[in-house]
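Reading through the structure tokens given below for one structure.
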Amino acid sequence: MRYLYCILSFFICSLSWGQMLHPKASPFSKLEQDVGLSKITVEYSRPSAKGRTLFGNQPNGEPGLVPYGRIWRVGANESTKITFSNDVLVGGYPLAKGTYALYAFPEEKLWEIVFHKNTSHWGDGRDNYNTDEDALRITVEPSTISGFQESFLISFDDIDHNGTYMKWNWGTTQISIPIHFDTKAIMVVQIAEKLSTSPTAQTYYEIARYYQEQNINRAEALTFVNKAIELGGDTYYFHRVRSLILADLKNYEEAIRAAKISMKLAEKEGKDEFVRLNKNNIDRWITTITNKN
């Protein structure tokens, strides 16, 4: 009994000595988004509107939560951080890979978005913020969205191999920032490295698939997928990519033959989706041949 009393006393004392944990009004969020061969990471806190005027002035003329013309940390608590794993174009302007503090200077018609090299400031760094430490400043026009975003949200949309749009939504305001990576240049380096170090069937297949998806180097893509089949044997995905490359080369009869092989192999493995995809392609290519004749 005495032992339990000591443990309880120690626990109570520990609570009084240390800071008590409590739920945050603006909870922390971490977002990771792959774009092609690059990654974007955002770390920020998400304040909520709670019926308040968000941007500009309140109806009585007093400043809202984020006054126009004043630096904003793009969230709450400590400064928002964004990390790019590769060199990037933001709004069409080059920015070196690395981690930046993300700030904004909102106005009614235009916002200035800042990628800042000093990530050590707490919050908006208003007293210590130095424009000389800006890595990039771009101007973005805000838009009005339907509906209402209660908690501030950063997201990525319209993603492909080469880029995306970073979206900020809060209330009825949206900021959209185009982001572009030179994935082709990254792939060129990676392909050269892979081909110089004992490439496998999978290596050849992945290169061929990338070329086909990007609609480039079609003849070379066919050579690589043929090499993948030679080394790795028949698989439904090897022959499917081969059929797509042949169709890109407008060799529809050979494309149909390759798709039939892929469909048969997919049936054996119970890959119903690829059976349907191949059948749809075969029907479309037959129609193309018929229309040509």
Side-chain angles (χ1 to χ4, degrees), residues 28-47 54-55 66 68-126 128-145 149 152-171 173-190 214:
F28 175 80
S29 182
K30 182 175 181 179
L31 171 63
E32 292 185 338
Q33 180 61 59
D34 289 338
V35 180
L37 296 173
S38 303
K39 177 175 284 188
I40 307 171
T41 304
V42 178
E43 298 173 280
Y44 72 117
S45 294
R46 301 184 59 191
L54 298 179
F55 301 106
V66 182
Y68 288 145
R70 184 185 294 179
I71 189 172
W72 180 45
R73 72 194 80 180
V74 190
N77 301 329
E78 62 182 289
S79 60
T80 292
K81 311 294 190 305
I82 185 166
T83 301
F84 300 103
S85 65
N86 286 301
D87 294 347
V88 63
L89 291 177
V90 179
Y93 296 93
L95 183 65
K97 67 180 181 180
T99 299
Y100 301 92
L102 194 55
Y103 297 120
F105 290 85
E107 295 286 0
E108 185 176 2
K109 302 291 186 182
L110 291 173
W111 285 34
E112 283 194 322
I113 311 300
V114 179
F115 296 81
H116 194 66
K117 289 182 282 189
N118 190 334
T119 60
S120 65
H121 297 317
W122 172 261
D124 57 22
R126 197 175 309 157
N128 298 308
Y129 176 81
N130 183 351
T131 57
D132 291 341
E133 296 179 306
D134 290 349
L136 177 66
R137 231 177 225 253
I138 62 171
T139 302
V140 176
E141 187 175 342
S143 60
T144 301
I145 59 172
Q149 177 66 46
F152 175 60
L153 176 67
I154 297 177
S155 63
F156 295 95
D157 195 19
D158 195 12
I159 304 163
D160 62 24
H161 287 325
N162 302 299
T164 183
Y165 285 85
M166 178 167 57
K167 302 287 182 76
W168 304 350
N169 283 1
W170 203 12
T173 298
Q174 182 180 86
I175 295 295
S176 183
I177 303 169
I179 293 172
H180 180 84
F181 293 99
D182 192 349
T183 301
K184 184 178 179 181
I186 299 170
M187 278 298 295
V188 166
V189 173
Q190 183 170 282
Q214 294 300 299

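This is a predicted model, so every value here is computed, not measured. Residues: numbered from 1 along the sequence shown.
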Straight-line distance of [X] [atom1] to [Y] [atom2], nearest 0.5 Å:
| X | Y | atom1 | atom2 | result |
| --- | --- | --- | --- | --- |
| L37 | N162 | CG | CG | 9.5 Å |
| K109 | T139 | NZ | OG1 | 15.5 Å |
| Q174 | I145 | CD | CD1 | 5.5 Å |
| H161 | Q214 | NE2 | CD | 5.0 Å |
| S79 | I71 | OG | CD1 | 9.5 Å |
| K167 | D158 | NZ | CG | 7.0 Å |

Exercise. Given F156 and D34, is the side-chain contact (heavy atoms from CB on, under 4.5 Å) satisfied, shown in steps?
Worked result: CA-CA 10 Å; F156 295 95; D34 289 338; over 6 Å; no

Can you name the closest pair of heavy atoms from [X] and [Y] and give their distance?
| X | Y | answer |
| --- | --- | --- |
| T119 | H116 | CG2-O, 4.3 Å |
| V140 | S176 | CG1-O, 3.6 Å |
| A104 | I113 | CB-CD1, 4.1 Å |
| W122 | N77 | CZ2-C, 3.8 Å |
| P142 | E107 | CG-O, 4.4 Å |
| N169 | Q149 | O-CG, 3.3 Å |

For this session: Report the C-alpha distance between I177 and W111 in whole Å, list the side-chain angles of each, state the deciding distance to 0.1 Å, and finish with yes or no for side-chain contact (heavy atoms from CB on, under 4.5 Å).
Result: CA-CA 11 Å; I177 303 169; W111 285 34; over 6 Å; no

Exercise. Does the gap between the ring centers of W168 and Y44 come in under 6.0 Å?
Worked result: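 Between W168 and Y44, the centre distance exceeds or equals 6.0 Å.
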
Problem set entry | Partners passing salt bridge (charged side-chain N to carboxylate O under 4.0 Å, His left out) against R70 (at least two apart in sequence or in another chain) |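 Result, salt bridge (charged side-chain N to carboxylate O under 4.0 Å, His left out) vs R70: none returned.
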
Exercise. Would you call the rings of F84 and F115 parallel, tilted or perpendicular, where under 30° means parallel and over 60° means perpendicular?
Worked result: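 Geometry flag for F115 against F84: tilted rings.
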
For this session: Decide yes or no on side-chain contact (heavy atoms from CB on, under 4.5 Å) for I154 and I82, but give the supporting numbers first.
Result: CA-CA 11 Å; I154 297 177; I82 185 166; over 6 Å; no

For this session: With side-chain contact (heavy atoms from CB on, under 4.5 Å) as the test, would you mind laying out the steps for F152 and V74 before giving the verdict?
Result: CA-CA 9 Å; F152 175 60; V74 190; 3.6 Å; yes

Exercise. Are any of the side-chain nitrogens in E112 or R137 under 4.0 Å away from the carboxylate oxygens of its partner?
Worked result: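 Judged by the 4.0 Å cut-off on N to carboxylate O distance, E112 and R137 do form a salt bridge.
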
Please set out all donor-acceptor pairs under 3.5 angstrom arising from side-chain atoms of residues 86-103, sequence neighbours excluded.
residue	atom	partner	partner atom	Å
N86	ND2	S38	OG	2.9
D87	OD1	K97	N	2.9
T99	OG1	T83	OG1	2.7
Y100	OH	A96	O	2.6

